[in-house]
Amino acid sequence: MTKNTADETKKTYTKQTYTKQGAAGSAAREGARVMGTVLVTSGTGKTGRRVAERLAALGVPVRAGSRAGGVPFDWQDESGWAAALDGAEAAYVAYYPDLAVPGAAGAMTAFGRVAAASGLRRVVLLSGRGEPQAAVAEEALRGACGEVELTVVRSAFFAQNFSEGALLDSVLGGELVFPAGSAAEPFLDIDDLADVVVAALTGDGHAGAVYELTGPRSLTFEEAAEELGRAAGRPVRYVPVSGPAYAEVLEGFGVSGPEAGFLAELFATLLDGHNSATTDDVKRVLGREAKEFTAFTREAARDGAWHG
């Protein structure tokens with residue numbers, strides 16, 4: 001990408017994404033003018049990459065932390081955290097692989113202590129909606145980070161899991177095998193998540209808040225498969241399976257037994273219907289409605305997500 005192309009992309013992104021948010025977008029820009037460096041953990045992941053791009057488009061200095069990137073940051077190696085946080089004013093925390101895994105609460109306690117010692121002002125934490133163990137990890141971070149402002153963003157199931165995540169191959173193969181039964185889920189577009197995170201990082205009034213982010217409509221996986229098929233131009237059928245059966249599917253794709261078992265149990269627990277209700281927290285933060293699942297499928301198809 002040339003410099004001129006990059007500059008034009010930045011201008012276009014800022015205009016299209018933030019001006020349409022009205023007062024919320026304006027507040028984010030005002031906050032960004034005085035915001036210092038932001039550490040984005042898991043900066044090359046699905047959410048971290050989007051958050052880093054948005055911050056950069058606003059002129060906010062960004063450190064995209066990752067295990068192999070220019071800013072070393074590894075959730076399994078605490079020794080590098082202080083250097084990554086040195087001089088930073090805020091941080092976006094996306095714990096890998098999930099806040100519900102064993103050991104996550106201990107990692108959050110350790111990170112909170114390092115963050116507080118570094119003089120960090122603000123943290124925005126990505127969490128899972130309706131995950132009891134993730135809530136334990138949230139509390140661990142809250143208890144350890146002292147005077148650091150903490151905002152928690154609990155997300156529904158990502159719509160992009162179908163277009164760039166674990167379920168992409170299933171969509172391409174025409175069979176969406178998953179342990180969700182007939183429960184409905186208010187799928188969240190990651191772009192909405194990233195916009196909320198940036199607003200919380202760069203604006204005021206979010207300290208101590210817990211936002212539960214969902215899309216505007218709940219769909220069963222069978223209904224989602226039908227919409228995905230229409231957008232992709234190929235039949236996509238939902239095949240419900242049990243948690244143990246899904247673990248076997250994951251192992252067939254090379255996932256280790258313990259990880260496959262954990263993921264299958266997590267999905268089966270989350271997608272049992274208790275997360276089916278929608279919220280208006282995206283609108284509360286951004287001043288606009290969350291993106292519809294149909295709009296997501298059309299945009300993903302237009303961008304070539306399912307051309308494989």
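Only this structure's heavy atoms are used, side chains among them; waters, hydrogens and symmetry mates stay out.
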Item checked: Where Thr269 and His274 come nearest, the two heavy atoms and their spacing -> O-CE1, 3.2 Å
Check: Just wondering, do Val198 and Leu55 contact through their side chains at under 4.5 Å, heavy atoms?
Finding: yes
Check: Going by an N to O cut-off under 4.0 Å, is there a salt bridge joining Asp192 and Arg50?
Finding: no
Notebook entry, point to check: Can you find a heavy atom in the side chain of Phe111 that is under 4.5 Å from one in the side chain of Leu85?
Noted result: yes
Notebook entry, point to check: Under 4.5 Å between side-chain heavy atoms, hopping through other hydrophobics if needed: is there a path connecting Val239 to Leu263?
Noted result: yes
Check: So Phe296 and Trp306, would you call those rings parallel, tilted or perpendicular, with 30° and 60° as cut-offs?
Finding: perpendicular
Margin query: Does Glu265, at its CD atom, have more than 12 non-hydrogen atoms belonging to other residues, nucleotides or ligands within less than 6.0 Å?
Written below: no
Notebook entry, point to check: Side chains of Asp189 and Gln160: donor-acceptor distance under 3.5 Å anywhere?
Noted result: yes
Next item on the list: Count the heavy atoms belonging to other residues, nucleotides or ligands that lie under 6.0 Å from CD of Glu251, then report whether that count exceeds 12.
Entry: yes
Margin query: Could you go through Tyr92 and Ser42, starting from their C-alpha distance and side-chain angles, then the distance that decides it, and tell me whether this counts as side chain to side chain donor-acceptor pair (under 3.5 Å)?
Written below: CA-CA 9 Å; Tyr92 170 55; Ser42 303; over 6 Å; no
Next item on the list: Can you measure from CG (Asn161) to OG (Ser170) and round to the nearest 0.5 angstrom?
Entry: 11.0 Å
Checklist line | Close side-chain approach of Arg217 to Glu292, heavy-atom, < 4.5 Å | finding: yes
Margin query: Minimum heavy-atom separation for Ala200 and His206, please, with both atom names.
Written below: CA-CD2, 3.5 Å
Checklist line | Approximate separation, where rounding is to 0.5 Å, of Thr41 OG1 and Leu125 CG | finding: 9.0 Å
Checklist line | Considering all heavy atoms, the nearest Arg154-Ala135 contact | finding: NH2-CB, 4.5 Å
Check: Arg122 versus Thr151: any side-chain heavy-atom pair under 4.5 Å?
Finding: no
Note to self: Main chain of Pro240, side chain of Tyr246: is a donor-acceptor contact present, judged purely on distance under 3.5 Å?
What the structure shows: no
Notebook entry, point to check: Do NZ/NE/NH1/NH2 and the carboxylate oxygens of Arg284 and Asp281 come within less than 4.0 Å?
Noted result: yes
Checklist line | Pairwise distance CD(Glu78) to CZ(Phe73) - rounded to 0.5 angstrom | finding: 9.5 Å
Notebook entry, point to check: Could you walk me through whether Val249 and Val241 pass the side-chain contact (heavy atoms from CB on, under 4.5 Å) check?
Noted result: CA-CA 10 Å; Val249 171; Val241 295; 5.7 Å; no
Margin query: Return the CG to CG distance between Leu58 and Leu201, rounded to the nearest 0.5 Å.
Written below: 10.5 Å
Notebook entry, point to check: What are the two closest non-hydrogen atoms of Val123 and Val93, and how far apart are they?
Noted result: CG1-CG2, 3.7 Å
Notebook entry, point to check: Once you round to the nearest 0.5 Å, how far does NZ of Lys283 lie from CG of Leu213?
Noted result: 15.0 Å
Notebook entry, point to check: With no hydrogens and no angle check, is any side-chain donor or acceptor of Ser218 less than 3.5 Å from a backbone partner on Ala184?
Noted result: no
Checklist line | SB check Arg237 Glu226 (cutoff 4.0 Å) | finding: no
Note to self: If I take atom CZ from residue Phe293 and atom CD from residue Glu223, how far apart are they, to the nearest 0.5 angstrom?
What the structure shows: 10.5 Å
Notebook entry, point to check: Side chains of Thr37 and Glu89: do they bring a donor and an acceptor to under 3.5 Å?
Noted result: no
Margin query: For the backbone of Ala183 and the side chain of Asp272, can you confirm whether one donor and one acceptor N or O come within less than 3.5 Å of each other?
Written below: no
Next item on the list: Could you tell me which non-hydrogen atom of Ala156 sits nearest to which non-hydrogen atom of Glu185, and how far apart they are?
Entry: CB-OE2, 3.4 Å
Item checked: Any side-chain heavy-atom pair of Asp195 and Val282 under 4.5 Å -> no
Notebook entry, point to check: Do the side chains of Val210 and Tyr95 join up, straight or via other hydrophobic residues, at under 4.5 Å, putting them in one cluster?
Noted result: yes
Note to self: Determine whether a donor-acceptor pair (N or O, by modelled atom type, separation under 3.5 Å) exists between the side chain of Arg67 and the backbone of Pro72.
What the structure shows: no
Next item on the list: Indicate yes or no: at least one non-hydrogen side-chain atom of Val101 is less than 4.5 angstrom from one of Leu266.
Entry: no
Notebook entry, point to check: Under 6.0 Å between ring centres, would you say that holds for Phe157 and Phe178?
Noted result: yes
Checklist line | Between Thr294 and Glu227, a side-chain donor and acceptor under 3.5 Å | finding: yes
Next item on the list: Could you check Asp191, Val196, Val197 and say which one makes a side-chain contact (heavy atoms from CB on, under 4.5 Å) with Leu193?
Entry: Val197
Notebook entry, point to check: Would you say Trp81's side chain and Ala115's backbone share a donor-acceptor pair under 3.5 angstrom?
Noted result: no
Next item on the list: State, with a plain yes or no, whether a side-chain heavy atom of Leu126 is found less than 4.5 Å away from one of Ser155.
Entry: yes
Note to self: Between Glu139 and Arg142, does any NZ, NE, NH1 or NH2 come within less than 4.0 Å of an OD or OE carboxylate oxygen?
What the structure shows: yes
Next item on the list: Test side-chain contact (heavy atoms from CB on, under 4.5 Å) on Lys46 and Ile190 and set out the steps.
Entry: CA-CA 8 Å; Lys46 284 199 293 291; Ile190 295 181; 4.0 Å; yes
Checklist line | Contact check, side chains of Leu172 and Arg234, non-hydrogen atoms, under 4.5 Å | finding: yes
Margin query: Tell me if the centroids of the rings in Phe187 and Phe162 come within less than 6.0 Å of each other.
Written below: yes
Margin query: Donor-acceptor pair, distance only, cut-off 3.5 Å: does the side chain of Ser163 make one with the backbone of Ala305?
Written below: no
Check: Does Asp204 pair with Arg121 as a salt bridge, N-O distance under 4.0 Å?
Finding: yes
Margin query: For a quick test of reading the model, state the closest non-hydrogen atom pair linking Ala105 to Val136 and the distance between them.
Written below: CB-CG1, 4.2 Å
Item checked: Check against side-chain contact (heavy atoms from CB on, under 4.5 Å), Leu228 and Val171 -> CA-CA 8 Å; Leu228 289 163; Val171 176; 4.1 Å; yes
